[in-house]
Amino acid sequence: MPVEPIRKTNRLETNTKTLTFMWEEERSTDGSKWKFLEHKGPVLAPPYEPLPGHVRFFYDGKLLRLSAPAEEVATFFAKMLDHEYTTKEMFRKNFYKDWRKEMTSEEKSKITDINKCNFTEMSEYFKAQSEARKQMSKDEKLKIKEENERILQEYGFCVMDNHKERIGNFRIEPPGLFRGRGDHPKMGMLKRRIRPEDIIINCSKDSKHPKPPQGTRWKEVRHDNKVTWLVSWTENIQGSIKYIMLNPSSRIKGEKDWQKYETARRLKKCVERLRAQYREDWKSKEMRVRQRAVALYFIDKLALRAGNEKEEGETADTVGCCSLRVEHIKLYPKMDDQEYVVEFDFLGKDSIRYYNKMPVEKRVFKNLQLFLENKQPEDDLFDRLNTSILNKHLQELMDGLTAKVFRTYNASITLQQQLKELTTDESIPAKILSYNRANRAVAILCNHQRAAPKTFEKSMQNLQTKIDEKQKQLSATRKQLKGAKTEHKASHDDRSKKKAVQRIEEQLMKLQMQATDREENKQIALGTSKLNYLDPRISVAWVKKWDVPMEKIYNKTQREKFAWAIDMAEEDYEF
DNA sequence: TGCGTGACTTGCAAATACCATA
DNA sequence: TATGGTATTTGCAAGTCACGCA
């Protein structure tokens, strides 16, 4: 367990309800995460409501009335009909196979070809429903909102030790069709309905236990304070366990987050030593040491993920550093005016493409050539290495060090450097642009991409229109000001005109900054790094140093998640 | 040492809430 | 006062990493 740092200040948070210094409370050393835990259990998915009689399903052009279970699964497909998913062969095949399991024997004998199924009436019906929902009166909408709020109040909170905490996801996932990312072999399979009998409740013995719905029982009620989850169940697609856990604003998550950044800061202190070490290891006599050293170099330099091995055929084919294959890199002794260039091209987490060309040192290049010798494209690049070996090595180099700490460290240090480099003492919008650019540098490093928004072009146009209008307004107002001067109008009038010009100039600049920011951000996602990789104290310090309102950088949710950092960091904080 | 499993973090896209504008 | 565009929230899939067992 790393030693926790000492808080710098001791100011009271005046605007938060429950969180006063909880990140300072004593922690147990025996691995227990709480002493008392009480909650109301999960909110189950609403039961299936059969379709009204007028909504029909046709098979091979003929009307076919489906049994309720078969109909329910059919509606899952119908609801996705407009999505590209439903056109994919794998999706259709998996769906059809699972759908048949829900059919009566009569249905099974009648329905033999998914391509003869006509779901359009169902699809239209759901579209109409969602349209109707949009058209509801204000009153009706308000009612729904209030009901949701009531459920949130009842099920959305728990008591952990002395705090009332927000729960992250208190609803059980409803049944539906599994949508994997990328080329997932299980896409379209039926995600079955979770019943109370599937659910494990975790709470403290001396708490009021959540009650299962009338006539049902939980699979188990346990009292395990070595874990943080409140509810769990096993999902049927991969057989993995799903959990209900606390919101990021909670003590237990905040503390863990803080600890994560402290580990990264400890890496900062010894990273040069480690770099020297792996450079030395490039020369090692042992192949496994050289592979380890080159992999670590990639992880450090390119912020690659560790790359656990995956079960073939169970998930999409994606890789990280240790699982890179020969086919994922190309070596160029010379490329343009650079020497020893490595080209990376592979699908990473969530099947996001990683493409990069990087000149490396000769020694790395020579090692890579050696690793590639006598191998097929589908062979592992690092055949003497996996994440377990790598992490064991890292653990020996520094307590608590794992591959992902490098990502956290490099992300945070990059933000800090970039902020230092980019921020100038200009207007607030200019500072915000600098901040976003620093954030962007990190997102690019970590390969956090997004699909360009569908409305991107239009949105840029809209902004440009606004800019043009503002420009016109500015020149008009300037003209007026000139006119006023020549006519020797009252100086009072003159001054207010000057002010107006200034104001419009500011507005124009703000718009231009926005446009630049948006353009640069077209395919970059800032959220993930902001939420998971950037030590929030860097941002808090920056905000204080440059007098930028906190809410320009962190929205409400983010301020709640980072309450600990906001309380802790002063303007001189150094990561 | 390898492997399966459990707990927890990270990640993108879709859904929804919110707000400015016609 | 509806509309449409943006910001925020939610949903849940897909990673990482430690641990226990053979």
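Letters A, B, ... are given to chains in the order of the sequence lines, protein chains preceding strands, and every chain is numbered from 1. Remember, predicted model here, so these are calculated numbers, not experimental data.
- The footprint of chain A on DNA chain B, defined by a heavy-atom cutoff below 4.0 Å, extends from B/dG6 to B/dC18.
- Contacts classified as salt bridge (charged side-chain N to carboxylate O under 4.0 Å, His left out) and involving residues 123-132 of chain A (residues at least two apart or in different chains) are given here: A/Asp82-A/Lys127, A/Glu124-A/Lys127, A/Glu131-A/Lys134.
- Judged by a 6.0 Å distance limit and a 45° cone about the ring axis, A/Lys186 is not positioned over the six-membered ring of A/Phe178.
- Looking at heavy-atom distances under 4.0 Å, A/Arg407 makes contact with sugar-phosphate atoms alone, never a base.
- Nucleotide C/dT16 holds its C1' atom 13 Å from the CG atom of A/Leu394, rounded to whole Å.
- No hydrogens or angles considered: nothing links the side chains of A/Thr402 and A/Asn391 as a donor-acceptor pair under 3.5 Å.
- Atom NZ in A/Lys392 sits roughly 16 Å away from atom P in C/dT16 (whole-Å rounding).
- Using a 4.0 Å heavy-atom criterion, one finds that A/Gly527 contacts no nucleic acid atom at all.
- Here C/dT6 presents its P atom at 10 Å from CE of A/Met460, a figure rounded to the nearest Å.
- Annotation: salt bridge (charged side-chain N to carboxylate O under 4.0 Å, His left out) contacts involving residues 143-155 of chain A, sequence neighbours excluded, comprise A/Lys40-A/Glu154, A/Glu147-A/Arg150, A/Arg150-A/Glu154.
- Screening A/His39, A/His163, A/Glu165, A/Arg251 against A/Leu246 for a side chain to side chain contact (heavy atoms under 4.5 Å, CB included) leaves a single residue, A/Glu165.
- For the side chain to side chain donor-acceptor pair (under 3.5 Å) test, no residue two or more places apart in sequence or in another chain qualifies with A/Glu469.
- Dense packing is recorded around CG of A/Asp379, with more than 12 heavy atoms of other residues, nucleotides or ligands lying under 6.0 Å away.
- By the 6.0 Å and 45° rule, A/Lys88 stacks over the aromatic ring of A/Tyr85.
- Rounded to a whole Å, the CZ atom of A/Phe456 is 13 Å from the C1' atom of C/dT6.
- Between the CD1 atom of A/Ile241 and the C1' atom of C/dG15 there is a distance of 16 Å, rounded to whole Å.
- In terms of position along DNA chain B, the nucleotide closest to A/Ile352 lies nearer the 5' end than the nucleotide closest to the other residue of the pair A/Ile352 and A/Lys145.
- Outside the 6.0 Å centre-distance limit, the rings of A/Tyr355 and A/Phe344 are not counted as a close aromatic pair.
- Going from atom SG of A/Cys321 over to atom CG of A/Leu304 covers 5.0 Å, rounded to the nearest 0.5 Å.
- Mapping A/Asn148 and A/His83 onto DNA chain B via the closest heavy atom, the residue that lands nearer the 5' end is A/His83.
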Treat primed atoms plus P, OP1 and OP2 as sugar-phosphate and everything else as base, then score nucleotides 7-13 of chain C 5' to 3': B for base contact with protein heavy atoms under 4.0 Å, S for sugar-phosphate contact only, - for none. -SS-BSS
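- Within residues 309-318 of chain A, the residues that place at least one heavy atom under 4.0 Å from DNA chain C are, in residue-number order, A/Lys310, A/Thr318.
- When the side-chain nitrogen and oxygen atoms of A/Asn308 are compared with OP1 and OP2 of C/dT16, one or more of them lie within a distance under 4.0 Å.
- More than 12 non-hydrogen atoms from other residues, nucleotides or ligands lie less than 6.0 angstrom from CD of A/Gln153.
- Just one of A/Arg437, A/Lys431, A/Arg440 meets the salt bridge (Lys or Arg N to Asp or Glu O under 4.0 Å) condition when paired with A/Asp517; it is A/Arg440.
- Atom CG in A/Asp224 sits about 15 Å away from atom P in C/dC19, given to the nearest Å.
- If you measure from atom NZ of A/Lys466 to atom P of C/dT6, you get 8 Å, rounded to the nearest angstrom.
- Both A/Thr387 and A/Ser459 lie near DNA chain C, and the one whose nearest nucleotide falls closer to the 5' end is A/Ser459.
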